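Each remark here refers to the structure printed beneath this line.
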Amino acid sequence: MIDQRLIRENPKAIEEGLKRRGMKLDLGPLQVNSQKLRDLEESRSKLQSKGNAIGKLVGQKIKTGSDPKSEEVSKLRLEGNQIKQEVATLEEAEKNISEKLKAQILSLPNIPDSTCPDGKNEKDNKERRYWGKPLNDISLKEHWEIANNLSLWDTERSAKVSKSRFVTLLNQGAKLERSLINFMLDLHCQKGYLEVLPPALVNSCSLTSSGQLPKFAEESFKCADDDLWLTPTAEVPLTSLHRDEIIPQSELPLKYVAYSPCFRREAGSYGRDTRGLIRLHQFNKVELYWFVNPEDSKEALEKITNDAEDVLKKLELPYRVIELCAGDIGFSACKTYDLEVWLPGAKSYREISSCSSCLDFQARRSSIRTKKGKNTSLVHTLNGSGLAVGRTMAAILENGQQKDGTVNLPTALIPYFGSSQLKPE
RNA sequence: GGAGAGAUGGCCGAGCGGUUUAAGGCGCAGCACUGGAAAUGCUGUAUAGGGGCAACUCUAUCGAGGGUUCGAAUCCCUCUCUCUCCGCCA
């Protein structure tokens, strides 16, 4: 959420910032309403002050022996009544404006960071660095073919049980997924992350806090009979873990790692990535999430990205780091690095992690603060996938495939999987 | 799902229509005492928004929302959550 003070005092700066996202908007009306709201609040509180004084006076009179039915007291009561009505009128007007205003402000995305490269869409993203040697061999298979050959899953029965874009992993496939989750969690925990296993269903308030609502309701699955949604990412429960809290300085930075299943409708992506593990309605993800002091968030984005990269390095998967341009960053983010893993079968880089700094955008929506001396300030939040597990499995299959149909696993994973390769059974 | 009890500051806990400007305690911070500490004493100790150079001050907040009243932590209604018992259940 953008600071309302900024909307009042410098709406042009916001307009400029959001223009970089490709949004053309006029914040004039918002500015006017925000000011109007403040003026209403001021006159109401003055009126209330007057009303409070009358209330006290009546109490005093009665206590000191005045007749409650005396003309003097009746007059005060009448005046109190009038004030009450005036206050009610003002409150009504306030409510009208503030509800509208809040809805509009909640729909505004974060302002891109000044260091965020210019650009309209993914074509304008900047490659920042490469790691590893990408395999290039025309004969290499795509991961879904390898998974079929090794019977790692059952796609047809999955569609029977649920529908398309759901997967049932079997045998070595199921075990590999589990090994990856454990490996990732352990790796991050060794670096000082606190492990969290959050609820898979979250309420509307939580989705609003992290930025999925109100704009992206159609992206998530909603339970029909409850105010509950399937988590699209662990970022949602992790943000709300500290909603309406003041985190003591001594606890910052707070670094969480959470495994969670993630559920997304993937509306509008019909026909894309229909095969395999790349785009599913349900997938597993290990998520990194930081709460930091505002002055530390810049550095923290580099660190959280490095922590995500480390998973790829340990798994010996070649990747590149992309810095997203202002037109391509997500709703809540002000700056984002995507990690893209090399898929030699598909012969392309695919996003496997997205690491973002949200500054105080989510913290303001969720009212998460810290206290320094007498001053409270909003914390900054960062999130990064560490990593998307299904896509990691796809990368391991494609990068480790051998001519004889087996798949060699990265050394770091062997203790978790209990064997050094996948082979036909 | 049924029945009952409850929700008050960082924590415990009193208050059940008008000096509540939320008692008292614990915790925490500062000061005093001390060679240093303990103990003791004093002072301070919520959040948001507004006004003021500042000391300070105004408004709101006692789970949430509504109502009664000149005046609500206190009375009434609705909802949410927690606990206990019963039912069901991994």
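Keep in mind it's a predicted model, so treat the numbers as computed, not measured. Just so we're on the same page: letters track the sequence lines, and every chain starts at 1.
Across all strands shown, rA55(B) has no partner, as no Watson-Crick or G-U wobble contact with both distances under 3.5 Å is found. Under the Watson-Crick or G-U wobble criterion, with both distances below 3.5 Å, rC75(B) is paired with rG67(B). Pairing of rU21(B), defined by two Watson-Crick or G-U wobble distances under 3.5 Å, is not identified with any nucleotide. Base-pair partner of rG41(B): rC31(B) (Watson-Crick or G-U wobble, both distances under 3.5 Å). In this structure, rC89(B) forms no base pair with any nucleotide, since neither Watson-Crick nor G-U wobble geometry is met with both distances under 3.5 Å. When both pairing distances are held under 3.5 Å, rU61(B) makes a Watson-Crick or G-U pair with rA46(B). Of all nucleotides present, only rC26(B) satisfies the Watson-Crick or G-U wobble test against rG10(B), with each distance under 3.5 Å. Here rA3(B) sits opposite rU84(B) as a Watson-Crick or G-U wobble pair (both hydrogen-bonding atom distances under 3.5 Å).
Set against rG50(B), rA60(B), rA46(B), the side chain of K371(A) has rA46(B) as its closest nucleotide. In this structure, the nucleotide among rG50(B), rC70(B), rU59(B) sitting nearest to the side chain of E42(A) is rG50(B). Of all nucleotides listed (rC58(B), rA60(B), rC70(B)), rC58(B) comes nearest to the side chain of S49(A). Checking rG50(B), rA48(B), rG49(B) against every side-chain atom of R8(A), the shortest atom distance belongs to rG50(B). The nucleotide whose nearest atom lies closest to any side-chain atom of R5(A) is, among rC58(B), rG18(B), rG50(B), rG50(B). Checked against rC70(B), rA48(B), rC58(B), the side chain of K84(A) finds its nearest nucleotide in rC70(B).
Checking the phosphate oxygens (OP1, OP2) of rA60(B), a side-chain nitrogen or oxygen of N52(A) falls inside 4.0 Å.
Across the protein-nucleic acid pair, L47(A) atom CG and rA60(B) atom C1' stand 14 Å apart, rounded to whole Å. What separates CG of L228(A) from P of rU80(B) is a distance of 13 Å, to the nearest Å. Counting to the nearest Å, the C1' atom of rG18(B) and the NZ atom of K61(A) are 14 Å from each other. Regarding Q85(A), its CD atom lies at a distance of 15 Å from the C1' atom of rG67(B), rounded to whole Å. Across the protein-nucleic acid pair, E41(A) atom CD and rC58(B) atom C1' stand 13 Å apart, rounded to whole Å. A straight line from CD1 of I54(A) to C1' of rC58(B) spans 16 Å, rounded to a whole angstrom. Going from atom NE2 of H242(A) over to atom P of rG10(B) covers 17 Å, rounded to whole Å. In this structure, R243(A) atom CZ and rA48(B) atom C1' are separated by 17 Å, rounded to whole Å.
Only the P atoms considered, rG63(B) is 32 Å distant from rA55(B), to the nearest whole Å. Separation of the C1' atoms belonging to rA46(B) and rA22(B) is 12 Å when rounded to the nearest angstrom. When the P atom is used for both rG36(B) and rC26(B), the distance is 26 Å, rounded to whole Å. Atom P of rC58(B) sits at a distance of 28 Å from the matching atom of rC75(B), rounded to the whole Å. Going from the P atom of rA38(B) to that of rC31(B) covers 13 Å, rounded to whole Å. For the C1' atom pair drawn from rG13(B) and rG65(B), the interatomic distance equals 27 Å after rounding to whole Å. To the nearest whole angstrom, the two C1' atoms, one in rG25(B) and one in rC77(B), are 36 Å apart. Going from the P atom of rG1(B) to that of rC76(B) covers 26 Å, rounded to whole Å.
At a threshold of 4.0 angstrom between heavy atoms, the contacts of T376(A) are confined to the sugar-phosphate backbone, with no base atom among them. Nucleic acid contact class of I246(A) (heavy atoms, under 4.0 Å, all strands): sugar-phosphate only.
A salt bridge (charged side-chain N to carboxylate O under 4.0 Å, His left out) with D307(A) is found for one member of K314(A), K313(A), K191(A) and no other, namely K191(A). If you run side-chain hydrogen bond (donor to acceptor under 3.5 Å, both in side chains) between S34(A) and each of Q4(A), E9(A), R5(A), only Q4(A) comes through.
A donor atom on one side chain and an acceptor atom on the other are not found under 3.5 Å apart for S377(A) and K372(A). Inspection of the Q35(A) and D39(A) side chains reveals an N or O donor paired with an N or O acceptor under 3.5 Å. Checking S210(A) against E235(A) by side-chain atom types alone, no donor-acceptor pair falls below 3.5 Å.
Comparing R38(A) and R369(A) by the nucleotide of RNA chain B whose heavy atom lies nearest to each, the residue mapping closer to the 5' end is R369(A). Residues K50(A) and G55(A) each lie close to RNA chain B; by heavy-atom proximity, the contact nearer the 5' end of the strand is made by G55(A).
Remark: K335(A) engages E323(A) in a salt bridge, criterion side-chain N to carboxylate O under 4.0 Å. A salt bridge does not link E266(A) to R165(A): none of the charged nitrogens lies less than 4.0 Å from a carboxylate oxygen. Remark: K102(A) does not engage E99(A) in a salt bridge, criterion side-chain N to carboxylate O under 4.0 Å.
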